[in-house]
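Along the sequence shown, residues are numbered consecutively beginning with 1.
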Amino acid sequence: MDEEIYFCPHCGKNLPVGSPYCPACGARLNDPQADVREKAIIEEKSRDRITIAVILLSVSAVITIVMGLYYIASAESMVDTIMDAYGSLLTDYYTAESLTSFIKMLGWIVIGIGALFAVTALLAFMRKFWILTVILCLIAALFGVLGLISLVLGLIAFYFIYKSKPYFTN
């Protein structure tokens, strides 16, 4: 055997050295523009991933902030409902005022988590500080108050951001 065998980068079939094209798939070999086209395709996929992540994070931010505002605005009515249902069990430990304060504090925490989603979306949109964006996205997803919805949206966004590392600047 006097010729070295190598593989087609497109289909993986064996090729003799010096072939101008792959006889199996027809791909042109040693095409200097092939790398440029492949990089452009990868960059476009990354842009799409980041766009999807920004949309998911923005939706999570809006929903979470609205939920926090709802907690703050309706704390008294929530406490009235809780006291009507469980008042005899709670009166030894909690007052209506302490429960109201707790629900309002919870509302502010929820708004903070929504702000964390918003900051993460902004960083992903700007493609800045990849490691910070990934960490904030994971924290927001794990501590999101929407339960399964925020966890799933946040983890999908996390995956897309994680896979797009080369397109972030630090």
Side-chain angles (χ1 to χ4, degrees), residues 4-74 78 103-170:
E4 182 180 337
I5 301 295
Y6 69 105
F7 299 93
C8 173
H10 301 282
C11 69
K13 299 289 183 183
N14 290 339
L15 300 172
V17 171
S19 295
Y21 64 92
C22 175
C25 71
R28 188 169 177 190
L29 305 175
N30 300 326
D31 182 6
Q33 293 298 319
D35 289 338
V36 173
R37 284 191 300 271
E38 187 173 329
K39 285 180 182 179
I41 290 169
I42 291 171
E43 187 171 328
E44 184 177 333
K45 285 182 182 180
S46 177
R47 274 195 309 266
D48 292 345
R49 285 182 184 150
I50 292 172
T51 301
I52 291 169
V54 168
I55 291 169
L56 293 174
L57 291 167
S58 298
V59 167
S60 296
V62 168
I63 292 172
T64 305
I65 290 170
V66 167
M67 184 177 279
L69 292 172
Y70 174 76
Y71 285 176
I72 292 168
S74 62
M78 286 181 185
I103 291 173
K104 286 183 178 182
M105 181 183 64
L106 181 63
W108 285 110
I109 292 170
V110 170
I111 289 172
I113 293 168
L116 190 60
F117 273 120
V119 167
T120 306
L122 181 62
L123 289 173
F125 177 75
M126 294 182 341
R127 294 185 187 159
K128 299 272 185 184
F129 310 111
W130 177 80
I131 191 71
L132 180 63
T133 306
V134 167
I135 290 169
L136 292 179
C137 184
L138 192 58
I139 290 170
L142 294 177
F143 290 103
V145 295
L146 303 175
L148 188 60
I149 294 171
S150 66
L151 179 66
V152 170
L153 293 179
L155 290 178
I156 291 170
F158 170 80
Y159 172 77
F160 287 151
I161 292 169
Y162 182 79
K163 285 294 194 175
S164 301
K165 180 181 180 179
Y167 302 99
F168 275 74
T169 59
N170 289 326

Nearest heavy-atom approach of Leu57 to Cys137 is CD2-SG, 3.9 Å
Can you find a pair of side-chain heavy atoms, one from Ile50 and one from Phe168, that are under 4.5 Å apart? yes
CD1 (Ile72) and CE (Met67) are apart, to the nearest 0.5 Å, by 13.0 Å
In terms of heavy-atom contacts, Phe125 and Val54 come closest through N-CG2, 3.5 Å
If you take all heavy atoms of Ser150 and Phe117, which pair is closest and at what distance? CB-CZ, 4.1 Å
Looking at CZ of Phe129 and CD1 of Ile135, how far apart are the two atoms once the value is rounded to the nearest 0.5 Å? 13.0 Å
Rounded distance (nearest 0.5 Å) linking atom CZ of Phe158 with atom CG of Leu56: 14.0 Å
Distance from Ile131 atom CD1 to Tyr162 atom OH, nearest 0.5 Å? 8.5 Å
Pick out which of Thr120, Leu122, Leu138 makes a side-chain contact (heavy atoms from CB on, under 4.5 Å) with Thr133. Thr120
Within residues 103-123 or reaching into it, pairs that qualify as salt bridge (Lys or Arg N to Asp or Glu O under 4.0 Å) - sequence neighbours excluded: Glu76-Lys104
Who pairs with Ser58 by side chain to side chain donor-acceptor pair (under 3.5 Å), at least two apart in sequence or on another chain? none
If every non-hydrogen atom of Thr64 is compared with every non-hydrogen atom of Gly114, which pair is closest and at what distance? CG2-N, 3.5 Å
If you define the side chain from C-beta out and look only at heavy atoms, does anything of Leu155 sit under 4.5 Å from Tyr159? no
State, with a plain yes or no, whether a side-chain heavy atom of Met78 is found less than 4.5 Å away from one of Tyr71. yes
Any donor-acceptor N/O pair, Trp130 side chain to Ile161 backbone, under 3.5 Å: yes
Shortest non-hydrogen contact from Leu136 to Val119? CD1-CG1, 4.1 Å
What's the separation between atom OG in Ser164 and atom CZ in Arg127, rounded to the nearest 0.5 Å? 7.5 Å
